[in-house]
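Shown next, in structure tokens, is the structure this report addresses.
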Amino acid sequence: SGLLLRAIIAGEYAVIGEETVGVGDELVDVEGRRFTVEEIQERRVVLREGGRRAEIGYARIAAKGASAPAGAKGGKK
């Protein structure tokens, strides 16, 4: 869908791409498909497109050449 979850605010709002949305709001992806925000959870957002559901979560970004165990948090100590 090309939609990128950037933040979840107090479990009530989500920043997806450049838009801040709440449950019931509509988003349009780069291909023109319309999604309705169905749920905002702690670390993911559930979207609906017609009869289909899709979940988006935070993208996992790793430094080039780095390998971290699943669930590990980055940062310096």
Query raised in the report: Which ILVMFWY residues are connected to Ile9, directly or by a chain of links, through side-chain heavy atoms under 4.5 Å apart?
Result: Tyr13, Val15
Requested in this report: Could you tell me which residues satisfy side chain to side chain donor-acceptor pair (under 3.5 Å) with Glu55, sequence neighbours excluded, listed by chain and number?
Outcome: Arg44
Query raised in the report: Who are the salt bridge (Lys or Arg N to Asp or Glu O under 4.0 Å) partners of Glu18, not counting sequence neighbours?
Result: Arg6
Query raised in the report: What is the distance from atom CG of Leu47 to atom CG of Leu27, rounded to the nearest 0.5 Å?
Result: 6.5 Å
Report summary line: Between the CG atom in Leu3 and the CD atom in Glu31, the distance rounded to the nearest 0.5 Å is 9.5 Å
Query raised in the report: Of all residues at least two apart in sequence or in a different chain, which pass the side chain to side chain donor-acceptor pair (under 3.5 Å) check with Glu26?
Result: Arg34
Requested in this report: Could you state whether Val21 and Val23 fall into the same hydrophobic cluster, counting links through intermediate Ile, Leu, Val, Met, Phe, Trp or Tyr residues with side-chain heavy atoms under 4.5 angstrom apart?
Outcome: yes
Query raised in the report: Same hydrophobic cluster for Ile56 and Phe35, using side-chain heavy-atom links shorter than 4.5 Å among ILVMFWY?
Result: yes
Query raised in the report: Measuring from Ile40:CD1 to Ile16:CD1, what's the distance to the nearest 0.5 Å?
Result: 7.0 Å
Query raised in the report: side chain to side chain donor-acceptor pair (under 3.5 Å) with Arg48: which residues, sequence neighbours excluded?
Result: Glu38
Query raised in the report: Do you know the tightest heavy-atom contact between Val45 and Ala14?
Result: CG2-CB, 3.7 Å
Query raised in the report: Gln41 and Ile8: which non-hydrogen atoms are nearest, and at how many Å?
Result: O-CD1, 3.2 Å
**Report entry** side chain to side chain contact (heavy atoms under 4.5 Å, CB included) partners of Arg43, counting only residues at least two apart
**Finding:** Tyr58
